[in-house]
Protein chains: 2
Amino acid sequence: MKTLQRRTGIALWRQVADQIRQSVLTDLAANDRLPAEAELASRFGVNRHTVRAAISALEKEGILRAEQGRGTFLNDRKRLRYPIGSRTRFSSGLAGQIRSRSGRLLSEQIIHAPKEVSDALALPPGSMVIRLATLSSADGVAVSAATSWLDAGRFEGIGAIYAGTGSITAALARYGVDDYTRQSTAVEARHASPEDLDLLGLSPGAIVLVTRSVDVDEQARPLSYGQSRFAADRVELMIGGDP
Amino acid sequence: MKTLQRRTGIALWRQVADQIRQSVLTDLAANDRLPAEAELASRFGVNRHTVRAAISALEKEGILRAEQGRGTFLNDRKRLRYPIGSRTRFSSGLAGQIRSRSGRLLSEQIIHAPKEVSDALALPPGSMVIRLATLSSADGVAVSAATSWLDAGRFEGIGAIYAGTGSITAALARYGVDDYTRQSTAVEARHASPEDLDLLGLSPGAIVLVTRSVDVDEQARPLSYGQSRFAADRVELMIGGDP
DNA sequence: TTTGGTTGTCTAGATAAATAGACAAATAAG
DNA sequence: CTTATTTGTCTATTTATCTAGACAACCAAA
């Protein structure tokens, strides 16, 4: 166990929480008991109260449960495995991992395309595009917030259809798009913005996996450009077959 | 600009720094001037000194430079774009982005394979495997720390070869592996462990992109299983063609 | 040179986080 | 029932962080 750092803007209890979340999570199995608070305190070189603050935060996250007199235990939690590939369909690929999924439309706007968007969609600069903000949940827990841009001429009114179906695939089908593939995906990771913290129900300092992707139809014409933010503690992204 | 949160274990100045890094960075171009400290303070709803602490941290990260009497300016910094696909070769794909890259061997051990590793390499449980810890840098800046596992019988002494060449592709070639492909890659994001903070030269709370991948030879036989941690503020991962 | 706007530095006080110690309350084992 | 171990709660003190205000130093343009 390595040294924690001070005067760094990250409270010790939060550094301890991050450490426990990651190292203890990989060492222990579900329902195992953690070392006692006093033991953890000396192991991390901090006061027991600092460890308690960390544990309390992890309890709120649903990762641990503390029982007076018995100890602190690891809850059962697995990350959702999201497939990312040329034929990604969110609805499929999650089969077996969750019981239900839902997509909620947060907002729909028609705007002039920023450069990044017109480039991705191969539209003339400043073309009108539809901007959809959506939130996807699995088994009632928010897992990703997304922003999508589509050609306003071609997909007028798609927001209402998405709102009704909760699925992009279904919404595109109404416009005669029977099949599409993912042309490319870029992945990065950042601290969640305050807005995403709120949408995804995360606490500050939480991490989001950000994907930016372009979907194309059978003629390789760009259909939509999207940016999704996944709660990194609930999701991993999968490229290619099972490892 | 949204609300910052208090009593959350993340100092306000660090939340402000995270916000500036992400939102201001996307709005401004290289060498643009940031809003004045007083303006930022009122925009974020904090004291000017808090903003100054944030800016000072971003200066140390090399993102901003402050000049007395003139203002604070955005430095030129782009994330490295790492291709991830079935034919990933780190050395190629980075051409044009960097001038030099290097790989350093941190440690080599021969151990009994943990379950995760023997599964990935399709070896009997408990087989002997080589565990390599490596650090990759681009233009002198550390970008990723990796741990790789290989069949100890087949690749005896590969550590020394890697140490000499700094390249996995070159090392594998010595064992008659002329070509290999990436079977699968899983991506997740976490807070960096203290060890990775140290290796990658990051500050606490920093994020790493974690990939776990299996490489296979032409007969689809697993060659190596690896886990890489990329400094998320210096790298993005690219799947498929350019977006 | 003067003016307005900017970053840099200092002091002082208020709020949050971390340490230290003591003891209560629950649990499991002898 | 007794004992050892564990989490829960309380008080007090020290150390970081945040706020508030004032003014110096520097720059660019009038």
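Owing to the predicted nature of the structure, the values given are computational and were not obtained by experimental measurement. The figures here come from the full heavy-atom set of this structure, side chains too, leaving out hydrogens, waters and symmetry mates. The sequence lines fix the lettering, A, B, ..., with proteins before strands; numbering per chain opens at 1.
Evaluation of the side chain to side chain contact (heavy atoms under 4.5 Å, CB included) rule for B:Ala146 yields B:Thr134, B:Ser228 as partners, not counting sequence neighbours. Under the salt bridge (charged side-chain N to carboxylate O under 4.0 Å, His left out) criterion, B:Glu59 pairs with no residue, sequence neighbours left out. Residues satisfying the side-chain hydrogen bond (donor to acceptor under 3.5 Å, both in side chains) criterion with B:Asn47, sequence neighbours excluded, are B:His49. With sequence neighbours excluded, the residues satisfying side chain to side chain contact (heavy atoms under 4.5 Å, CB included) with A:Arg52 are A:Glu37, A:Arg48.
Per the geometry, CZ belonging to A:Arg52 stands 16 Å off P belonging to C:dA17, to the nearest Å. Between A:Glu67 atom CD and C:dA25 atom C1' there is a gap of 14 Å when expressed in whole angstrom units. Regarding A:Gln15, its CD atom lies at a distance of 12 Å from the C1' atom of C:dA18, rounded to whole Å. One can place CZ of A:Arg33 at 11 Å from P of C:dA28, the figure rounded to the nearest angstrom. A straight line from CD of B:Glu39 to P of C:dT6 spans 9 Å, rounded to a whole angstrom.
Across the helix from C:dT1-D:dA30 to C:dG30-D:dC1, the helix axis at one end is tilted relative to the axis at the other end by 30° (nearest 10 degrees, each axis from five pairs).
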Discussion item. I'd like to know whether B:Leu132 forms a side-chain contact (heavy atoms from CB on, under 4.5 Å) with B:Thr147, so could you lay out the CA-CA distance, the side-chain angles of the two residues, the decisive distance to 0.1 Å, and finally the verdict.
Written reply: CA-CA 5 Å; B:Leu132 300 178; B:Thr147 310; over 6 Å; no

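Under the 3.5 Å distance criterion, the side-chain polar atoms of A:Arg234 are matched with a main-chain donor or acceptor of A:Ala142. At least one donor-acceptor pair under 3.5 Å links the side chain of B:Asn75 to the backbone N or O of B:Gly62. Looking only at distances, no side-chain donor or acceptor of A:Gln227 sits under 3.5 Å from a matching main-chain atom of A:Ser148.
Across all strands shown, B:Arg65 has no heavy atoms under 4.0 Å from either base or sugar-phosphate atoms.
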Practice prompt. Can you check each nucleotide of nucleotides 16-30 of chain D against protein heavy atoms at under 4.0 Å and return B for base, S for sugar-phosphate only, - for none, in 5' to 3' order?
Written response: SSSBBBB--BBSS--

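Between C:dT7 and B:Thr72, a contact under 4.0 Å exists linking OP1 or OP2 to a side-chain N or O.
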